[in-house]
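A short write-up of the structure that comes next.
Lettering follows sequence order; numbering is per chain, from 1.
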2 protein chains.
Amino acid sequence: MGATKTDHFTESQNELAILAKALGHPARIAIIEYLLKVDACICGDIVNELPLSQPTVSQHLKELKNAGLIKGSIEGNSICYCINEPGLEKIKGFFEHISNHLAKKRNECC
Amino acid sequence: MGATKTDHFTESQNELAILAKALGHPARIAIIEYLLKVDACICGDIVNELPLSQPTVSQHLKELKNAGLIKGSIEGNSICYCINEPGLEKIKGFFEHISNHLAKKRNECC
DNA sequence: TATTTATATTGCAATATTACGATATTAAAT
DNA sequence: ATTTAATATCGTAATATTGCAATATAAATA
């Protein structure tokens with residue numbers, strides 16, 4: 001054991017879990033926040049922003065990219081990273097959906 | 001190594017990461033969706049809804065509770081679980097914040 | 001009080017994640 | 001052509017997560 005039983009769940013559930021999991025590390029939250037703060041795509045500089053080694057940061061960037069939360073394009077000898085909106089909209093939609101449901105049936109129990 | 005360097009990040013970053021991580025598994029997404037679907041708190045029955053053993057489900061419920069995404073109160077010999085709104089609002093706020101920022105500076109690059 | 005029912009905990013094996021040093025790659029600059 | 005700079009990959013150790021059988025706990029019911 002140890003492996004998640006992805007095939008027992010719906011595609012949507014697995015997709016949301018992948019997105020959430022990608023944000024389940026403070027370094028990756030920090031990367032998203034940094035990309036947001038600097039107003040634009042950032043070519044280089046991400047490594048210097050984080051208290052982690054270059055290979056570790058590279059790995060975290062790869063995970064965010066695989067999950068569809070950021071995208072990176074080659075820009076000379078550095079890479080230009082920025083937030084990938086569709087990915088973020090998808091997970092944001094999940095929370096909005098929950099929030100709307102909760103608003104409708106407030107305090108019915110508990 | 002292998003342990004996350006939580007002390008290198010802000011409290012807010014760690015908090016958001018814990019919330020996201022708790023949702024980083026399809027079974028836990030399924031639990032949240034189920035609690036939402038049934039309109040109210042559910043006493044029992046969660047185990048039967050998931051394609052996992054009772055101990056495994058119990059463990060996932062514990063993680064959601066620790067992260068502050070659900071709450072459970074004892075109700076006779078079963079336990080009544082429901083969504084914990086403050087936890088969900090916190091992570092929802094993060095995505096709204098991102099979305100607002102992105103709306104302001106659309107297509108500046110990439 | 002014994003049994004049933006619902007949930008939690010323990011212990012453990014399989015797998016995944018985190019982190020980093022060493023090394024590779026690739027494009028710019030000299 | 002070499003060197004420099006930025007990023008990726010490999011290898012590996014430490015730790016965390018996933019899943020379940022077995023067992024414990026605690027309340028309801030017979």
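Residues passing the ring-ring contact (aromatic ring centres under 6.0 Å, His included) test with B:Phe95, sequence neighbours excluded: A:Phe95. Annotation: salt bridge (charged side-chain N to carboxylate O under 4.0 Å, His left out) contacts of A:Glu33 (sequence neighbours excluded): none. Listed by chain and residue number, B:Lys92 satisfy the salt bridge (charged side-chain N to carboxylate O under 4.0 Å, His left out) test with B:Glu89 (two or more places apart in sequence, or in another chain). Taking B:Lys21 as the reference, nothing meets the salt bridge (charged side-chain N to carboxylate O under 4.0 Å, His left out) condition, with sequence neighbours excluded. Take A:Ser58 and apply the side chain to side chain contact (heavy atoms under 4.5 Å, CB included) test, not counting sequence neighbours, and it matches A:Gln54.
OP1 or OP2 of C:dA8 lies within a sub-4.0 Å distance of a side-chain N or O belonging to B:Tyr81. Residue B:Lys62 places none of its side-chain N or O atoms closer than 4.0 Å to OP1 or OP2 of C:dT7.
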Next item on the list: Classify every nucleotide of nucleotides 18-30 of chain C by which part a protein heavy atom approaches to under 4.0 Å, writing B for the base, S for the sugar-phosphate alone and - for neither, in 5'-to-3' order.
Entry: BBBBB----SS--

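Distance, B:Leu61 CG to C:dT7 P: 9 Å, rounded to whole Å. D:dT18 atom P lies 12 Å from atom CG of B:Leu23, rounded to whole Å. Going from atom CD1 of A:Ile18 over to atom C1' of C:dA16 covers 14 Å, rounded to whole Å. Atom C1' of nucleotide C:dT9 and atom CD1 of B:Ile79 are separated by 13 Å, given to the nearest angstrom.
Between B:Ile79 and B:Ser73, every side-chain heavy-atom pair lies at or beyond the 4.5 Å cut-off.
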